[in-house]
Amino acid sequence: MKVSVMFFVLLVAVSCKQKKQSEVDRSTDKKDLQFKKGNFGYDKVFLQENYKNTLVLESDDKQAMVVLSPELQGRVMTSTLNGDKGESFGWLNYDLIASKEIKKQINPTGGEERFWLGPEGGQFSFYFTPNSSFDFKNWQVPFAIDTEPFNLVEHNKASAVFQKEIHLTNHSGTRFHLDVRRKVNLLSKDAITKALELASKDYQAVAYETVNTVKNIGDFAWKQETGLVSIWLLSMFNPSPETVVVVPVISGETDILGAVVKDDYFGKVSSDRLKTTSKTIFFKADGKSRGKIGISAKRATKFMGSFDAKNEVLTILEIALPNVSDGYVNAAWELQKHPYKGDVLNSYNDGPLEDGSQMGPFYELESSSPALALAPDKSYSHVQKIYHFKGAKEVINDISIKILNVSLAEIQNAFQ
């Protein structure tokens, strides 16, 4: 009897130990599954832990998902096309977010699409106070588009609406009063296929559209002579050694259409990182060399994108076809002769600074609205769509040819 009791106690102890070990194993497995850096699940939980009002939009099958942050101006933080285990596409500044530090000039928390306002430089800049010189020490991102939250107006499983009243003074001293409304819609596969007129649905994708509306709530019209406003959207993505940005352009003579690409924002981009043909711009987006390019309204189409050959991801940015008669604000940090001859589309590749430090690595795809000459109570909406595709190579190749006018092989061989 004593042996039987001892055996029972031992059996229970062993069983409990095995159960606890099993629970630990399952917990570890679950943690490894959900919190592997680079996966969407990791980023989703990280953001939920650091921003209490974090929202998640998701498809019915929970494969396509997007994370939004009201605290960061209704920013799209990241997305995935394969659920929690899938790749997380948005670049996040984990250290800055976790530190809760508020920096003076800019808080580069990252995110897959953020709302900003242009122009950045020039006599009508919102980033330099009146009478200040265009030096980095004087550059200041307005708090309303950096650290202040947007109001969450409404949201559901596939959509969210944010709002913010903003008051800014430009470098020339003109005071602007605007109401900003930002709606983010997660797009279904049917909507993606229809929007891009694709021949097949045999792909994985996540896509969203943002409708960004600025309204003049002041008592005077915005005029060129005193400065105009533009809607500026910047998308930060994770690079790879094999990521190339692709920009289809309008062909034509430079004396009629101007330069194919502006490539001297931070010093001229070297030829081993930037290639142009009569129809396409190729720009290395590996996060290893700092540089930026811009495309004017006369050269831009509705699309730009990138292909990450390492992870086999095709990314597309879509806007409305630019109107060549519209003016676009100039971002140059100087008193400008032509303040309304700026770019419609831009791409930035991050890289080490002169002291060896680096914020990223990441790369950006950017779009801007026309310069907005709005009368009181008038508004304008700039719509941008971001698509990420994965799938059989022949299917993704067909999408690339249709939208970007080049094959995946042409993209991969651009810098060979």
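Position 1 is the first residue of the sequence, and the numbers go up from there. No hydrogens, no waters, no symmetry mates; every other heavy atom, side chains included, goes into these values. Since the structure is predicted, the reported quantities are computational estimates derived from the model, not experimental observations.
- In this structure, K164 pairs ionically with E148, as a charged nitrogen and a carboxylate oxygen lie closer than 4.0 Å.
- With respect to R182 and E113, a salt bridge is recorded, a charged nitrogen being found less than 4.0 Å from a carboxylate O.
- We find that R75 and E112 are not joined by a salt bridge, their nearest charged nitrogen and carboxylate oxygen being 4.0 Å or further apart.
- For the pair R114/M236, a side-chain contact is recorded, criterion being any heavy-atom separation below 4.5 Å from C-beta on.
- Side-chain atoms of F128 and F134, non-hydrogen and from C-beta on, do get closer than 4.5 Å to each other.
- Considering all non-hydrogen atoms of both residues, R273 and S289 come closest at NE-CB, 3.2 Å.
- With no hydrogens or angles considered, no side-chain donor-acceptor pair links D202 and S200 at under 3.5 Å.
- We find that D263 and K292 are not joined by a salt bridge, their nearest charged nitrogen and carboxylate oxygen being 4.0 Å or further apart.
- Classified by interplanar angle (parallel below 30°, tilted 30° to 60°, perpendicular above 60°), the ring pair Y127/W232 is perpendicular.
- A cation-pi contact, defined as under 6.0 Å to the ring centre and within 45° of the axis, links K189 to Y203.
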*Evaluation steps, side-chain hydrogen bond (donor to acceptor under 3.5 Å, both in side chains), between S369 and S230*: CA-CA 5 Å; S369 76; S230 75; 4.9 Å; no

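- Within a 6.0 Å sphere centred on NZ of K157, other residues, nucleotides and ligands contribute more than 12 heavy atoms.
- V206 places a side-chain heavy atom less than 4.5 Å from the side chain of L186.
- Atom OG of S347 and atom CD1 of I295 lie 7.5 Å apart (nearest 0.5 Å).
- Residues N185 and S159 bring a donor and an acceptor atom of their side chains to less than 3.5 Å of each other.
- Using a distance-only test at 3.5 Å, with no hydrogens or angles considered, a donor-acceptor pair links the side chain of N156 to the main chain of A158.
- Annotation: the span from I293 atom CD1 to F266 atom CZ amounts to 12.5 Å, rounded to 0.5 Å.
- The nearest pair of heavy atoms linking A373 to L228 is CA-CD2, 3.7 Å.
- Remark: aromatic rings of W222 and Y380 are distant, center separation not under 6.0 Å.
- A side-chain donor-acceptor contact under 3.5 Å links S240 and D308.
- No more than 12 heavy-atom neighbours from other residues, nucleotides or ligands sit within 6.0 angstrom of NZ on K298.
- For D272, the CG atom counts as densely surrounded, since its 6.0 Å shell holds more than 12 non-hydrogen atoms of other residues, nucleotides or ligands.
- For the pair Q140 (side chain) and K104 (backbone), a donor-acceptor distance under 3.5 Å is present.
- Counting only heavy atoms from C-beta outward, the side chains of L317 and F303 never approach each other to under 4.5 Å.
- A salt bridge does not link E312 to K390: none of the charged nitrogens lies less than 4.0 Å from a carboxylate oxygen.
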*Could you give me the CA-CA distance, side-chain angles and deciding distance for S132 and H171, then say whether side-chain contact (heavy atoms from CB on, under 4.5 Å) is met?*
CA-CA 8 Å; S132 65; H171 186 268; 4.0 Å; yes

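- In this model, no donor atom of one side chain and acceptor atom of the other lie less than 3.5 Å apart for Y340 and D326.
- When atom types are taken as modelled, the side chain of K378 and the backbone of N216 share no donor-acceptor pair closer than 3.5 angstrom.
- The backbone N or O of T109 lies less than 3.5 Å from no partner atom in the side chain of N107, so there is not a single donor-acceptor pair.
- When atom types are taken as modelled, the side chain of S99 and the backbone of L96 share a donor-acceptor pair closer than 3.5 angstrom.
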*Check the pair Y363 / S306 against side-chain contact (heavy atoms from CB on, under 4.5 Å), numbers first and verdict last.*
CA-CA 10 Å; Y363 73 98; S306 64; 2.7 Å; yes

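- Look at D343 and K262 and you find no salt bridge, because none of the NZ, NE, NH1 or NH2 atoms lies under 4.0 Å from a carboxylate O.
- To the nearest 0.5 Å, the span separating CZ on F283 from OG1 on T276 amounts to 13.0 Å.
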*Carefully, step by step, assess F362 and N238 under the rule side-chain contact (heavy atoms from CB on, under 4.5 Å).*
CA-CA 5 Å; F362 59 84; N238 294 307; 5.8 Å; no

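- By the 4.5 Å heavy-atom criterion applied to side chains, D219 and P376 are not counted as neighbours.
- Separation of atoms CZ (R299) and CD1 (I250) is listed at 9.0 Å; rounding is to 0.5 Å.
- Taking the six-membered ring for Trp, Y387 and Y208 have ring centres at least 6.0 Å apart.
- Other residues, nucleotides and ligands place more than 12 heavy atoms under 6.0 Å from the NZ atom of K100.
- Between E242 and K284 there is no salt bridge, since no side-chain nitrogen of the basic residue lies less than 4.0 Å from a carboxylate oxygen of the acidic one.
- Here I166 contributes atom CD1 and K215 contributes atom NZ; the two are 14.5 Å apart, rounded to the nearest 0.5 Å.
- By the 4.5 Å heavy-atom criterion applied to side chains, Q412 and Q416 are not counted as neighbours.
- Between the side chain of S251 and the main chain of S278, a donor-acceptor pair closer than 3.5 Å is present.
- At most 12 heavy atoms of other shown residues, nucleotides or ligands fall within 6.0 angstrom of atom NZ in K62.
- Ion pairing between a basic and an acidic side chain is recognised when a charged N comes within 4.0 Å of a carboxylate O; K288 and D350 show no such pairing.
- With no hydrogens or angles considered, a side-chain donor-acceptor pair links S88 and T78 at under 3.5 Å.
- Of the candidates W91, Y94, F89, D43 forms a side-chain contact (heavy atoms from CB on, under 4.5 Å) with just one, namely Y94.
- Proximity of L198 to K402: side-chain heavy atoms (C-beta onward) are separated by under 4.5 Å at one or more points.
- A donor-acceptor pair shorter than 3.5 Å cannot be found between the side chains of T210 and Q384.
- Here the closest heavy-atom approach between residue N405 and residue P248 is recorded as ND2-CB, 3.9 Å.
- For F115 and H382, the gap between ring centers reaches or exceeds 6.0 Å.
- No donor-acceptor distance shorter than 3.5 angstrom exists from the side chain of N151 to the backbone of V153, with no hydrogens or angles considered.
- Between I319 and S367, some side-chain heavy-atom pair lies under the 4.5 Å cut-off.
- Checked by atom type and distance alone, the side chain of N349 pairs as donor or acceptor with a backbone atom of G287 at under 3.5 Å.
- D135 places no side-chain N or O within donor-acceptor distance of the main-chain N or O of N138, the cut-off being under 3.5 Å.
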*Check the pair Y42 / K36 against side-chain contact (heavy atoms from CB on, under 4.5 Å), numbers first and verdict last.*
CA-CA 6 Å; Y42 180 100; K36 184 178 178 182; 5.7 Å; no

*asked:* Test side-chain hydrogen bond (donor to acceptor under 3.5 Å, both in side chains) on N82 and E87; report intermediate values, then the result.
replied: CA-CA 7 Å; N82 195 27; E87 181 180 351; over 6 Å; no

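- In this structure a side-chain-to-backbone donor-acceptor pair under 3.5 Å is missing from D264 to G267.
- With rounding to the nearest 0.5 Å, the separation of OG1 in T301 from CG in L345 is 7.0 Å.
- Under the side-chain contact (heavy atoms from CB on, under 4.5 Å) test applied with S407, the options I401, N413, D398 reduce to a single match, I401.
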